[in-house]
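The structure appears right after this line, and notes come after that.
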Amino acid sequence: SIARPTTTWRVTMKKFFQFVLIVSLGMTASAMIGISPTHAAPAPGTFTISSNPTPTSTYGSSVTFTVLVNGNKGFGAGIVQFLNGGGNLGSPCTLACGTCSISASGLTVGAHTIAGNYTDTSGNYASGTYGSLTHTVNQGTAAVIVASSLDPSTFDSSVTFTVTVSAGGNGTGELTYATSTPNFCTVTKDGLLTGISEGRCAVTVTRASDGNYIAGTSVPLVIAIRK
């Protein structure tokens, strides 16, 4: 008689019925052998960046940027590195109750696109770059103040003017001198004063606009002209 592979046939049929059972129950093979499927963490439901002041600031001023990370699994935990057009802005900040802030100064004049590079430490949300805020920096305004070395001055005296530009520095705009009292004095655009007759000479200084500051003119400086 011919020997039949009874044991092999039974094992094969057992595996076949296991496969049918797996398919019919909609279960994966990995689940049947005890391997738990992995799921990627979702992106945060909320990743909001705000600025103060908003939406604009002036050159030379400090701006505070704040991020809020939240979602259906609660507040986000981890660190956020703010980005300005792709480059790092300030140092990373650590989230507390899903929020943290940095202060930035020295932003250049123009529009800045601010985002956040989020590193999650809770396992609830996916790390990545999120958010988009446009913050615009406008030219600053600086006060121009002029003082003289002599008051009163005589016709043959040499007068030295000292110009101070406050609120953020001197900038690079050209300084131009002028007078509104030509009957008593003349002044060149470079600041050379000449007395014409006795009276009160009024001198102003204007600093031209540059890339960071708008033009500004001083309050008239009045100098007495004597013989």
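Everything numeric in this text was worked out from a predicted model, so none of it was measured.
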* Asked: Considering residues at least two apart in sequence or located in another chain, which fulfil the side-chain contact (heavy atoms from CB on, under 4.5 Å) criterion with A147?
  -> none
* Identified side chain to side chain contact (heavy atoms under 4.5 Å, CB included) partner of V146 from the options T204, L175, V163, T164 -> V163
* **Qualifying side-chain hydrogen bond (donor to acceptor under 3.5 Å, both in side chains) pairs with a residue from residues 42-53, counting only residues at least two apart or across chains** => S51-T54, S51-H135
Which donor-acceptor pairs under 3.5 Å do the side chains of residues 183-194 make with protein atoms, sequence neighbours left out?
residue	atom	partner	partner atom	Å
T188	OG1	D190	N	3.4
T188	OG1	G191	N	3.3
T188	OG1	L192	N	3.0

* To do: Only counting residues at least two apart or in another chain, list the ones meeting side-chain contact (heavy atoms from CB on, under 4.5 Å) with R200.
  => V222
* Assess whether atom CD of E198 is packed by more than 12 heavy atoms of other residues, nucleotides or ligands within 6.0 Å. => yes
* To do: Name all pairs fulfilling the side-chain hydrogen bond (donor to acceptor under 3.5 Å, both in side chains) condition that reach into residues 104-120, sequence neighbours left out, sorted by first residue then second.
  => N84-H112, Y118-D120, D120-S122
* Could you pull out all residues at least two apart from A224 that satisfy side-chain contact (heavy atoms from CB on, under 4.5 Å)? => D151, P152
* **Where at least one partner belongs to residues 55-97, residue pairs that pass disulfide bond (SG atoms under 2.5 Å apart), sequence neighbours excluded** => C93-C100
* Return each pair, listed once, that meets ring pair (Phe, Tyr, Trp, His ring centres under 6.0 Å) where at least one residue sits in residues 144-165; pairs must be two or more places apart or across chains. => F161-Y177
* Results of side chain to side chain donor-acceptor pair (under 3.5 Å) for T179 - residues two or more places apart only -> T181
Contacts table for residues 61-80: side-chain donor-acceptor under 3.5 angstrom, sequence neighbours left out:
residue	atom	partner	partner atom	Å
S61	OG	T58	O	2.6
T64	OG1	S103	OG	3.4
T66	OG1	S101	OG	2.7

* Residue pairs fulfilling disulfide bond (SG atoms under 2.5 Å apart) with at least one residue in residues 105-156, sequence neighbours excluded -> none
* How would you list, by chain and number, every residue that makes a side chain to side chain donor-acceptor pair (under 3.5 Å) with S149, sequence neighbours excluded? -> none
